[in-house]
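Hydrogens, waters and symmetry mates play no part in the numbers below; they use all other heavy atoms, side chains included.
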2 protein chains.
Amino acid sequence: MEIIKDLPEVFEEFAEQRQKSFLMMKELKDKGTPVVGAYCTYFPKEIAMAMGASTVSLCSTSDETIPEAEKDLPKNLCPLIKSSYGFAKTDKCPFFYFSDVVVGETTCDGKKKMYELMGEFKDVFIMELPNTQGPEALKLWKKEIIRFKEYLEKRFEVTITDEDVRKAVKIENEARKALKRLYEVMQHDPAPISGHDLFKVLYGSTFKLNRSEIAGEVNALVDKIEAEYASGKMLEKKPRILITGCPIGGATEKVIRAVEDNGGVVVTYENCTGAKSIDRLVDENAEDIYQAIAERYLAIGCSVMTPNPNRFDLMGRLIDEYQVDGVLEMTLQACHTYNVETRAIRKFVNEEKGIPYINVETDYSQADVGQLNTRIAAFIEML
Amino acid sequence: MEIIKDLPEVFEEFAEQRQKSFLMMKELKDKGTPVVGAYCTYFPKEIAMAMGASTVSLCSTSDETIPEAEKDLPKNLCPLIKSSYGFAKTDKCPFFYFSDVVVGETTCDGKKKMYELMGEFKDVFIMELPNTQGPEALKLWKKEIIRFKEYLEKRFEVTITDEDVRKAVKIENEARKALKRLYEVMQHDPAPISGHDLFKVLYGSTFKLNRSEIAGEVNALVDKIEAEYASGKMLEKKPRILITGCPIGGATEKVIRAVEDNGGVVVTYENCTGAKSIDRLVDENAEDIYQAIAERYLAIGCSVMTPNPNRFDLMGRLIDEYQVDGVLEMTLQACHTYNVETRAIRKFVNEEKGIPYINVETDYSQADVGQLNTRIAAFIEML
């Protein structure tokens with residue numbers, strides 16, 4: 001990607017990253033590169049990267065495979081889980097097809113049980129993610145990370161050294177720093193770019209097979225955005241929205257559109273595409289690199305944790321730093337942990353941060369787009 | 001309870017145990033007995049018993065408190081969780097009211113997040129139950145049990161010795177052995193008593209405040225049943241049903257009735273009122289009694305575990321030992337783990353055990369009783 005391109009073109013390139021990576025998969029496999037697929041932001045990708053594997057985000061964001069999934073899974077299950085399983089079962093996800101192993105974590109009830117079914121036709125490696133973030137849970141999680149390393153070593157007949165892991169940590173940290181620099185451009189008010197364009201880069205970067213390219217490309221993009229902003233190129237002033245809740249991507253981008261088509265701008269994402277999975281670095285200088293990786297990942301503020309203080313900490317910080325006017329939480333139907341946690345989040349946003357909050361519960365169909373527009377337009381008008 | 005009573009009278013006495021214990025609670029509290037409330041079969045009650053506390057099963061089986069719960073919790077959540085929270089919030093459960101502390105475990109998504117809300121108005125002690133049953137998970141769980149002991153010691157200013165714990169283990173083991181002897185009477189074909197009468201005793205015994213009374217009373221009851229059976233008193237021959245799935249009690253006893261009103265007899269319960277929570281003893285002679293307790297409880301074959309081999313082992317054994325003709329699985333709406341696991345259970349029952357299987361998904365309303373009767377009658381007719 002040369003920096004001479006216009007911003008819209010760069011955003012579209014990132015948006016197309018997923019498709020581009022599809023095409024690169026076969027090439028990679030032909031070269032003998034192991035491919036490790038995963039669904040979740042808890043996946044400690046540095047371990048797989050350390051042995052030279054490509055890590056890929058598996059398909060889970062379209063409703064096209066849900067009917068097939070519902071033949072094996074309950075209908076009343078979150079669409080992300082059904083979609084994931086449906087893509088796997090119908091072999092419609094090239095990333096899944098080319099993955100030598102799929103790594104799952106015991107995050108939520110639906111996922112952990114779905115992986116049992118997936119394990120009937122694919123190599124699935126399950127990591128036990130604890131439900132809490134205390135010292136004993138951390139010990140267990142660290143052991144799981146080492147067990148994963150040992151599994152890869154045995155499975156692919158390689159040796160993964162601490163040095164390999166540290167190298168991967170550096171690459172991912174550089175990517176995180178660049179992506180963080182990127183989303184921090186939204187601290188400007190008025191915002192320099194739309195929240196959907198920001199999303200395209202954040203989301204697209206998760207499909208980058210060559211992780212070491214991310215930092216350079218994204219940093220160049222940030223420089224360009226900042227330069228244009230300095231020269232006066234920016235959006236008009238709009239109500240500033242923080243999006244939180246379940247993972248967004250594909251079908252659920254309808255929520256971002258509903259905000260930005262109705263006069264708002266999404267200035268920050270406290271979710272798995274945004275700050276939640278980027279904000280924290282792994283301590284590169286830690287004496288025990290596995291300990292550092294375990295700490296970093298276990299600290300993710302997902303609602304599967306009980307209690308889940310890090311989510312509130314991060315959200316509070318983002319609301320302040322991005323001068324947020326209102327919080328929109330998108331939850332997926334039947335996602336129990338996020339849906340239960342909405343109550344505490346609403347209270348926190350309203351009472352501690354003193355700004356409005358709206359929760360939209362949705363699935364992967366487009367049937368509710370009209371309703372979403374109506375509700376979200378009314379919310380933004382109120383700000 | 002004197003053994004001179006007729007069987008129906010004894011069954012009714014057990015059925016009324018919950019109400020009777022309500023009345024005894026105040027008396028207990030006036031005497032200064034600590035009360036520890038819990039919802040789940042993973043609760044290691046021996047630890048609380050070891051300090052002389054009464055352990056009680058908290059109310060969770062009626063739909064009367066669900067509307068109140070739905071003000072704070074998502075509607076799309078399992079009725080057991082909503083009912084539990086509703087009873088707590090409205091203070092309609094005497095056991096909850098008199099509990100000094102409520103012990104919750106990180107079993108399923110809904111429960112673990114609901115406990116956060118409950119913690120806003122009650123002392124709730126959360127134990128981290130792992131998602132798997134391997135050696136590392138066992139270590140974590142054992143530490144949780146010891147942490148619970150230490151919490152009780154601090155909270156109630158007592159010392160709990162290993163000897164105290166061993167005594168409690170013996171009492172609970174004796175109760176388990178007696179209850180197991182009781183449900184084993186159903187190995188007779190024809191069955192000596194109805195499955196609902198069996199249920200009344202199993203369920204009623206969970207509300208016994210004086211745990212050391214259970215063994216004597218239940219053993220006397222078994223002797224009486226066996227004596228009457230020997231003298232020819234028994235049910236007529238009927239299709240023999242194993243009930244499995246989510247916990248049954250209160251509102252969901254409609255499922256037992258639907259079986260037995262339509263020509264079947266429930267000969268065994270592979271659920272939390274039945275074999276699942278009674279089958280295994282704690283090893284009384286273990287050098288490390290905490291290790292033994294941890295092993296015993298972690299081995300429970302609940303669908304929250306992944307994988308969950310112990311459920312299949314126990315069910316296979318019960319199907320053989322009780323000459324089961326058909327398996328009925330009751331799942332509660334929005335209970336993701338049991339609902340996902342139905343697929344593997346159906347396959348196991350049909351293909352490995354070669355008998356029919358039916359799944360009924362229900363909630364705490366009585367609106368589906370007609371439909372349940374129709375479906376279950378058709379199932380039994382087929383056997």
Side-chain angles (χ1 to χ4, degrees), chain A residues 71-78 81 85 104-117 119-120 124 126-144 146-147 303-308 331 333-344 347 359 361, chain B residues 71-78 81 85 104-117 119-120 124 126-144 146-147 303-308 331 333-344 347 359 361:
Chain A
K71 291 182 186 168
D72 296 346
L73 290 169
K75 281 197 169 51
N76 186 16
L77 203 63
C78 114
I81 297 171
Y85 180 78
E105 305 80 17
T106 58
T107 45
C108 63
D109 287 348
K111 267 195 191 164
K112 80 179 171 192
K113 298 305 281 186
M114 177 274 281
Y115 289 133
E116 294 179 8
L117 274 58
E120 291 173 15
V124 178
I126 296 296
M127 299 181 72
E128 158 113 35
L129 180 77
N131 302 284
T132 58
Q133 296 167 318
E136 292 304 327
L138 181 61
K139 272 186 209 163
L140 177 71
W141 180 232
K142 181 183 165 191
K143 280 182 187 160
E144 284 297 281
I146 292 169
R147 192 172 65 86
S303 58
V304 297
M305 291 295 153
T306 184
N308 185 21
T331 51
Q333 279 166 16
C335 173
H336 291 340
T337 61
Y338 271 105
N339 279 310
V340 174
E341 203 164 277
T342 55
R343 185 168 174 274
K347 214 170 154 180
N359 170 223
E361 192 180 338
Chain B
K71 291 182 186 167
D72 295 347
L73 290 169
K75 281 197 169 52
N76 186 16
L77 203 63
C78 116
I81 297 171
Y85 180 78
E105 305 80 17
T106 58
T107 46
C108 62
D109 287 348
K111 266 193 190 164
K112 80 179 171 191
K113 297 305 282 186
M114 177 274 281
Y115 289 133
E116 294 178 8
L117 274 59
E120 291 172 16
V124 178
I126 296 297
M127 299 181 72
E128 158 113 37
L129 180 77
N131 302 284
T132 57
Q133 296 168 319
E136 293 304 327
L138 181 61
K139 272 187 210 163
L140 177 71
W141 180 233
K142 181 184 165 189
K143 280 183 187 160
E144 284 297 281
I146 292 169
R147 192 172 65 85
S303 58
V304 297
M305 292 294 153
T306 184
N308 185 21
T331 51
Q333 279 166 15
C335 173
H336 291 340
T337 61
Y338 271 105
N339 278 311
V340 174
E341 202 163 278
T342 55
R343 185 168 173 274
K347 213 169 154 182
N359 170 223
E361 191 180 337

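Proximity to chain A (any heavy atom under 4.5 Å) is restricted, for B:Lys347, to the side chain, taken from C-beta onward. Proximity to chain B is limited to the backbone of A:Leu129, based on heavy atoms less than 4.5 angstrom apart. Residue contact with chain A, scored on non-hydrogen atoms closer than 4.5 Å, is absent for B:Ala344. Contact of B:Pro130 with chain A is made through backbone and side chain together, with heavy-atom distances under 4.5 Å. If you measure heavy-atom distances from B:Lys112 to chain A, the contacts under 4.5 Å come from both the backbone and the side chain. Only the side chain of A:Leu73 has a heavy atom closer than 4.5 Å to any heavy atom of chain B.
Once rounded to the nearest 0.5 Å, the distance linking OG1 of A:Thr337 with CE of B:Met114 reads 14.5 Å. Atom CG of B:Asn76 and atom CD of A:Gln333 lie 8.0 Å apart (nearest 0.5 Å). Summarising the geometry, atom CG belonging to B:Leu140 is positioned 7.0 Å from atom CD belonging to A:Glu136; distances are rounded to the nearest 0.5 Å. If you take OG1 on A:Thr106 and CE on B:Met305, they are separated by 10.5 Å, rounding to the nearest 0.5 Å. From A:Asn131, atom CG reaches atom CD of B:Glu105 across 11.5 Å, with rounding to the nearest 0.5 Å.
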Run the numbers on A:Lys113 and B:Asn308 for side chain to side chain contact (heavy atoms under 4.5 Å, CB included), then give the verdict. CA-CA 10 Å; A:Lys113 298 305 281 186; B:Asn308 185 21; 4.2 Å; yes
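Interface check for chain B: of the options A:Gly110, A:Cys108, A:Ala137, the most heavy-atom pairs under 4.5 Å are formed by A:Cys108. Taking chain B as the reference chain and counting heavy-atom pairs below 4.5 Å, the highest number among A:Leu77, A:Asn339, A:Val304, A:Asp72 is found for A:Asp72. Heavy-atom pairs under 4.5 Å with chain A were tallied for B:Ala334, B:Cys78, B:Pro307; the largest tally goes to B:Ala334. Interface check for chain A: of the options B:Thr342, B:Thr331, B:Val340, the most heavy-atom pairs under 4.5 Å are formed by B:Val340. When each of A:Glu361, A:Lys139, A:Glu341 is scored by its heavy-atom pairs under 4.5 Å with chain B, the top score falls to A:Glu341.
A donor-acceptor pair under 3.5 Å links the side-chain atoms of B:Asp109 to the main chain of A:Asp109, judged by distance alone.
With respect to B:Glu120 and A:Arg343, a salt bridge is recorded, a charged nitrogen being found less than 4.0 Å from a carboxylate O.
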